Amino acid sequence: MKFNKLSQLFSDLESTTKRLEMIDFLSKFFEDLKEKEDYRDIDKIIYLLQGQLTPNIKQFPKMGLAEKMIIEAISLHSGINSKRIKEILIKQGDIGATAEFILSKKKKQKSLFDYNKVEEISGSSLEILELYSELKKIALTEGIGSHDTKLGILRGLISKCSPLETKYLLRIITSTLRVGVQSQTIIEGLTLAFTGKRDNKGVIERAYSLSPDLGEISRILVEKGLVEVKKVDIEYGTPILSMLASREIYTEFTNRLGVPFVAEYKLDGERLQIHKVGENITLFSRRLLDISFQYPDVCKVIRENVKANKVIFEGEVVAMDHFYEKMLPFQVLSKRRRKFDVEDISKEVPVCLFVFDLLKFGEESFVDKSLSFRRKKLEEIIDEKDELRLVKSVLINSTEELLSFFNTARKEGNEGIMAKSIQENS
DNA sequence: ACTGTCTGCCCC
DNA sequence: ATTCTGC
DNA sequence: GCAGAATGGGCAGACAGT
């Protein structure tokens with residue numbers, strides 16, 4: 001598929017704020033692919049729609065090229081000096097629109113002299129596949145001289161793009177696509193186009209949350225059908241999307257969940273999803289980044305004290321004082337966020353991993369099991385240590401109990417508490 | 001080797 | 001996290 | 001009222017120039 005088709009979709013999506021209309025634009029676009037049975041680029045199209053090159057679970061480098069360098073590229077391309085471009089940027093508010101504005105002016109001028117050539121240019125749009133591989137090249141270029149190389153590739157792309165295409169090309173590069181569409185809406189569009197029924201949305205959502213690669217899910221959907229999407233499950237090495245909690249006034253908990261329910265400390269640290277396969281420990285951040293290297297000590301304590309060969313579980317790392325008695329605020333923990341001297345820092349800032357959930361044990365998924373079942377299994381397989389504990393969890397029967405639990409939680413330096421329904425799921 | 005500029009990232 | 005808009 | 005999208009600031013690492 002050509003990039004101008006995708007640019008047109010971006011433009012349509014941006015023209016409305018109405019969700020249903022966006023879904024309609026998306027499904028029409030997908031139906032067009034369906035008619036032509038052209039699914040070659042489906043995954044890449046989805047990634048670009050999400051404003052990225054690869055799914056979050058692939059640890060792929062970023063472009064390393066943003067506003068300042070793009071201004072330089074536009075400047076080289078149009079002959080307008082960067083100071084003037086910055087002025088236009090302030091007026092337009094967006095680097096993509098700025099380029100579109102400048103380039104459409106330039107092309108108009110050109111067309112006075114050489115009308116035919118311009119026709120030729122705007123008629124021959126870039127293939128998405130080519131765009132995609134050039135963008136990957138930009139991302140993979142590093143080291144001395146990399147700025148110039150990146151700039152060169154970008155200029156090549158711009159010269160093949162219409163002003164409208166350039167606008168979205170640059171927005172993709174700066175990760176500011178902002179056409180009002182994210183994974184949920186894309187899923188709705190896919191559902192409508194390829195299953196005909198909006199009700200099937202849940203199936204795709206579930207698959208996406210267990211294997212957060214929408215390009216791959218789309219490929220399964222179009223090539224093998226919804227039946228296969230249903231079979232997607234949690235796998236070792238693939239982090240799942242974490243569930244979000246909603247904020248609530250504490251006195252409402254009892255009404256909302258019904259008594260009894262479970263309450264846990266809400267810790268002031270960093271959330272980790274841990275995949276243990278034998279001796280191999282991988283730590284994923286909330287945004288699904290592999291950050292194992294930041295916590296060698298945590299990996300070690302897991303390796304030695306979690307009695308399960310293969311397991312996926314979740315916890316919160318919290319900075320501790322040197323006696324492992326008091327929890328320290330997040331700010332202290334953030335000293336860990338570095339690439340070098342990790343070993344030194346890990347002695348300087350001790351941490352404890354507070355485990356609170358189990359997602360998979362052996363070959364058995366626990367995501368649909370009850371809270372108490374998950375907790376019981378966790379207690380079986382974890383040997384508690386100073387650096388590895390289960391998060392405090394109690395059964396609450398009344399607002400009074402809740403209040404006293406909340407107060408001790410705050411006294412011990414927690415952010416607050418989490419309430420969890422005792423019902424199946426949550 | 002040192003400094004300045006830019007980008008990215010992760011938090012909230 | 002917080003704020004805004006459409007549903 | 002609920003769901004989805006967008007938003008901003010601060011700090012560490014990478015590259016370029018001297």
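Every chain is numbered from 1 and lettered A, B, ... according to where its sequence line falls, protein lines coming before strand lines. Remember, it's a predicted structure, so these values are computed and weren't measured experimentally.
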Test the Lys136(A)-Phe60(A) pair against the cation-pi criterion, namely NZ or CZ under 6.0 angstrom from the six-membered ring centroid and within 45° of the ring axis.
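Satisfied, under 6.0 Å and within 45°.
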Do the side-chain N and O atoms of [X] and [Y] include a donor-acceptor pair separated by under 3.5 angstrom?
| X | Y | result |
| --- | --- | --- |
| Glu216(A) | Tyr208(A) | no |
| Ser125(A) | Glu165(A) | yes |
| Asp12(A) | Gln8(A) | yes |
| Glu14(A) | Ser11(A) | no |
| Ser211(A) | Asp213(A) | no |

Does the side chain of Thr185(A) get closer than 4.0 angstrom to OP1 or OP2 of dA5(D) through an N or O atom?
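Thr185(A) to dA5(D) OP1/OP2: side-chain N or O found under 4.0 Å.
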Please state whether the phosphate of dC11(B), meaning OP1 or OP2, lies under 4.0 angstrom from any side-chain nitrogen or oxygen of Arg271(A).
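For Arg271(A), the contact criterion (side-chain N or O under 4.0 Å from OP1 or OP2 of dC11(B)) is not met.
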[X] [atom1] to [N] [atom2], straight-line distance once rounded to whole Å:
| X | N | atom1 | atom2 | value |
| --- | --- | --- | --- | --- |
| Ile173(A) | dC6(B) | CD1 | C1' | 16 Å |
| Met22(A) | dG4(D) | CE | P | 13 Å |
| Arg287(A) | dG8(B) | CZ | C1' | 13 Å |
| Asp268(A) | dC12(B) | CG | C1' | 11 Å |

Heavy-atom protein contacts under 4.0 Å, nucleotides 6-18 of chain D, coded B base, S sugar-phosphate only, - none
SS----SSSSS--
Any idea how Phe366(A) and Phe373(A) line up, ring-wise: parallel (<30°), tilted (30 to 60°), or perpendicular (>60°)?
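Parallel: the ring planes of Phe366(A) and Phe373(A) meet at under 30°.
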Name the orientation class of the two ring planes belonging to Phe405(A) and Tyr265(A) (parallel below 30°, tilted from 30 to 60°, perpendicular beyond 60°).
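Answer is parallel, since the angle falls under 30°.
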Quick one: side-chain contact (heavy atoms from CB on, under 4.5 Å) partners of Glu304(A), sequence neighbours excluded?
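Partners of Glu304(A) by the side-chain contact (heavy atoms from CB on, under 4.5 Å) criterion, ordered by chain and then number, come out as Lys300(A).
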To the nearest 0.5 Å, tell me how far Ile312(A) CD1 sits from Phe284(A) CZ.
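Here the rounded value is 8.5 Å.
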Each nucleotide N or O in nucleotides 3-7 of chain C that has a protein N or O under 3.5 Å away: list the pair and distance.
{"unit_1": "dG6(C)", "atom_1": "OP1", "unit_2": "Thr17(A)", "atom_2": "OG1", "d": "3.4"}
{"unit_1": "dC7(C)", "atom_1": "OP1", "unit_2": "Arg19(A)", "atom_2": "N", "d": "3.2"}

Nucleic acid contacts of residues 199-208 of chain A, taken as heavy-atom distances under 4.0 Å to DNA chain D
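Within residues 199-208 of chain A, no residue comes under 4.0 Å of DNA chain D.
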Interface residues of residues 47-82 of chain A with DNA chain D (non-hydrogen, below 4.0 angstrom):
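Those residues whose heavy atoms fall under 4.0 Å from DNA chain D, taken from residues 47-82 of chain A, amount to none.
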Quick check on Glu142(A): does its CD atom have over 12 non-hydrogen neighbours (other residues, nucleotides or ligands) under 6.0 Å away?
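Check fails, neighbour count at 12 or below.
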Heavy atoms only: give me the nearest Ala193(A)-Ser27(A) pair and the separation to one decimal.
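For Ala193(A) versus Ser27(A), the nearest heavy atoms are CB-O, 3.6 Å.
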Please set out all donor-acceptor pairs under 3.5 angstrom arising from side-chain atoms of residues 66-77 of chain A, sequence neighbours excluded.
{"unit_1": "Ser75(A)", "atom_1": "OG", "unit_2": "Ile80(A)", "atom_2": "O", "d": "2.9"}

For nucleotides dT5(C) and dG8(D), find the distance between their P atoms and express it as a whole number of Å.
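Looking at atom P only, dT5(C) and dG8(D) are 15 Å apart.
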